[in-house]
Amino acid sequence: MKYTQLGRTGLKVSRLVLGTMNFGPQTDETTSHGILDAALDAGLNFVDTANVYGWGENKGRTEEIIGSWFAKGDGRRDKTVLATKVYGNMAPDGESWPNHDKLSALNIRRAVEASLKRLGTDYIDLYQFHHVDRSTPFEEIWQAVDVLIQQGKILYAGSSNFPGYKIAQANETAARRGSVGLVSEQCIYNLFERRAEMEVIPAAQEYGLGVIPWSPLHGGLLGGVLKKETEGKRRTEGRAAETLADPAVRARLQAYEDLLDKHGLAPGEVGLAWLLTRPGVTGPIVGPRTPDQLAGALRALDLELSEEVLTALDEIFPGPGPSPEAFAW
């Protein structure tokens, strides 16, 4: 396993992040524990979750599955860098009760305590804001976070789905308070979706945040979806099906799959390996539903892409270019 520092911190994390959103809704507890064990055996020490995972009436279930895994002992908790998130409404399903969501000091305090209980641990390594809260000033957010850090309940704070200007605003406010501020940003970023390169990633680099891409294969579209369709191994639905209905999208994906087929490369592994070459990226989040899918993701760590392949990928999926040049002279 390869490791790197998480942004400007001294915390060492694996270059792949184990995403757990499927644990509960799609992957049962026993299989989830098997995936967690296999990840740890491979040296993957960075595990990401969120308080709302499990969804609907089962929100919180994913954290519980991780908590029962920690309870098995053998140093599982000490070896794991644990990240979870706060923002989504955690009121009982069907109820719309105030102060059970977003980033008020009250909800942050309530949400941390609930996550710690479900996770069966006394601290969270990385506590992430799952979305921007336009109603709560950063002064209040950092006051709540600073107390939790002083209490030893969280070690670092990160963001998710923040635009570049909010990363700047958050960390400038933290600096005025003498607070540590954000140390990571979790954003959608992949070959297909490169808008983060304009503002989000530059802001993260400027303020010393590690970038943790989610949806590294763009919902499976970069995992060889066209070939799987042809072979009858996958039927696309939802957002992926709507995206594939665009002939221009299908043409780009076909060019992508043809390129990799020519070089004998697996699309899913290439999508991850490409992200590992990108400036500022700590490691992409992989969300395996089975141990076999985890094994495929781990192979990306040893894949070195040639300049020929990297150049061709840029031609198929061109980035937006740097800001402000992307929209100015």
Side-chain angles (χ1 to χ4, degrees), residues 1-4 6 11-50 53-55 58 60-85 115 118-121 123-126 128 184 186 190 210 212-220 222-224 228 233-234 265-276 281-304:
M1 180 57 63
K2 299 175 183 178
Y3 300 90
T4 189
L6 179 62
L11 187 66
K12 293 182 180 179
V13 294
S14 51
R15 294 224 62 201
L16 285 183
V17 185
L18 181 65
T20 61
M21 189 168 64
N22 290 320
F23 293 0
Q26 297 190 47
T27 306
D28 63 30
E29 182 167 337
T30 299
T31 305
S32 298
H33 286 185
I35 292 171
L36 285 160
D37 281 333
L40 205 60
D41 287 344
L44 196 162
N45 73 335
F46 200 0
V47 175
D48 177 75
T49 191
Y53 289 173
W55 310 110
N58 294 313
R61 178 59 183 146
T62 304
E63 286 188 333
E64 291 174 349
I65 288 173
I66 296 170
S68 62
W69 180 69
F70 285 149
K72 292 183 176 182
D74 291 333
R76 286 175 171 83
R77 177 64 187 97
D78 289 340
K79 294 175 182 176
T80 300
V81 175
L82 174 64
T84 192
K85 308 182 193 76
S115 285
R118 286 189 294 267
L119 290 162
T121 185
Y123 72 100
I124 295 162
D125 297 280
L126 178 64
Q128 302 162 108
S184 64
Q186 187 177 133
N190 54 58
I212 307 169
W214 62 266
S215 195
L217 301 182
H218 207 62
L222 294 167
K228 291 175 182 176
K233 295 179 180 178
R234 179 184 179 119
L265 298 170
E269 295 173 22
V270 169
L272 295 173
W274 178 82
L275 281 169
L276 292 170
V281 169
T282 299
I285 296 175
V286 297
R289 294 187 298 274
T290 66
D292 285 345
Q293 289 180 347
L294 174 62
L298 290 169
R299 287 194 291 271
L301 291 167
D302 297 320
L303 182 59
E304 293 189 14

Is there a donor-acceptor contact under 3.5 Å from the side chain of Asn45 to the main chain of Ser14? yes
State which residues pass salt bridge (Lys or Arg N to Asp or Glu O under 4.0 Å) with Asp292; sequence neighbours excluded, sorted by chain then number. none
Just wondering, do Val47 and Phe70 contact through their side chains at under 4.5 Å, heavy atoms? no
Working to the nearest 0.5 Å, report the span between CD1 of Ile35 and CG of Asn22. 8.0 Å
Counting only N and O atoms by type, is there a donor-acceptor contact under 3.5 Å from the side chain of Asn190 to the main-chain atoms of Ser215? yes
Interatomic spacing from OH in Tyr3 to CG in Leu11 - rounded to 0.5 Å: 12.0 Å
Only residue of Leu36, Val13, Leu18, Thr80 satisfying side chain to side chain contact (heavy atoms under 4.5 Å, CB included) with Leu44 is Leu18
Could you pull out the closest heavy-atom pair between Thr62 and Thr20, with the gap in Å? CG2-O, 3.1 Å
Can Arg77 and Asp125 be counted as an ion pair, charged N to O under 4.0 angstrom? yes
Does Lys12, at its NZ atom, have more than 12 non-hydrogen atoms belonging to other residues, nucleotides or ligands within less than 6.0 Å? no
Report the distance from atom OG of Ser32 to atom CD of Gln26, rounding to the nearest 0.5 Å. 10.5 Å
If I compare all heavy atoms of Gly268 with all of Leu217, which pair ends up nearest, and what's the gap? O-CD2, 3.5 Å
Using a strict 4.0 Å threshold on nitrogen-to-oxygen distance, state whether Glu29 and Arg61 make a salt bridge. yes
Measuring from Leu294:CG to Asp37:CG, what's the distance to the nearest 0.5 Å? 11.0 Å
Would you please test Met1 and Leu298 for side chain to side chain contact (heavy atoms under 4.5 Å, CB included) and show each step? CA-CA 9 Å; Met1 180 57 63; Leu298 290 169; 3.8 Å; yes
My understanding is that only one of Asp48, Thr84, Thr49 makes a side chain to side chain donor-acceptor pair (under 3.5 Å) with Gln128; could you say which? Asp48
What are the two closest heavy atoms between Leu276 and Pro284, and how far apart are they? CD2-CD, 3.7 Å
Those residues at least two apart in sequence (or on a different chain) that pass side chain to side chain donor-acceptor pair (under 3.5 Å) with Thr31 are Asp28
Can you see which heavy atom on His33 is nearest to which on Ile65, and at what distance? NE2-O, 3.0 Å
Please name the pair of heavy atoms, one in Leu6 and one in Ser184, separated by the smallest distance, quoted to 0.1 Å. CD1-CB, 4.0 Å
CZ-CG distance between Arg76 and Leu82, expressed to the nearest 0.5 angstrom: 14.5 Å
Please report the interatomic distance CD(Glu269) to CZ(Arg299), rounded to the nearest 0.5 Å. 4.5 Å
Side chain of Thr4, backbone of Thr282: donor and acceptor closer than 3.5 Å? no
Applying side chain to side chain contact (heavy atoms under 4.5 Å, CB included) between Pro216 and each of Val281, Leu16, Leu222, Leu275, report the one that passes. Leu275
Between Tyr53 and Lys85, what is the shortest heavy-atom contact and its length? OH-NZ, 3.2 Å
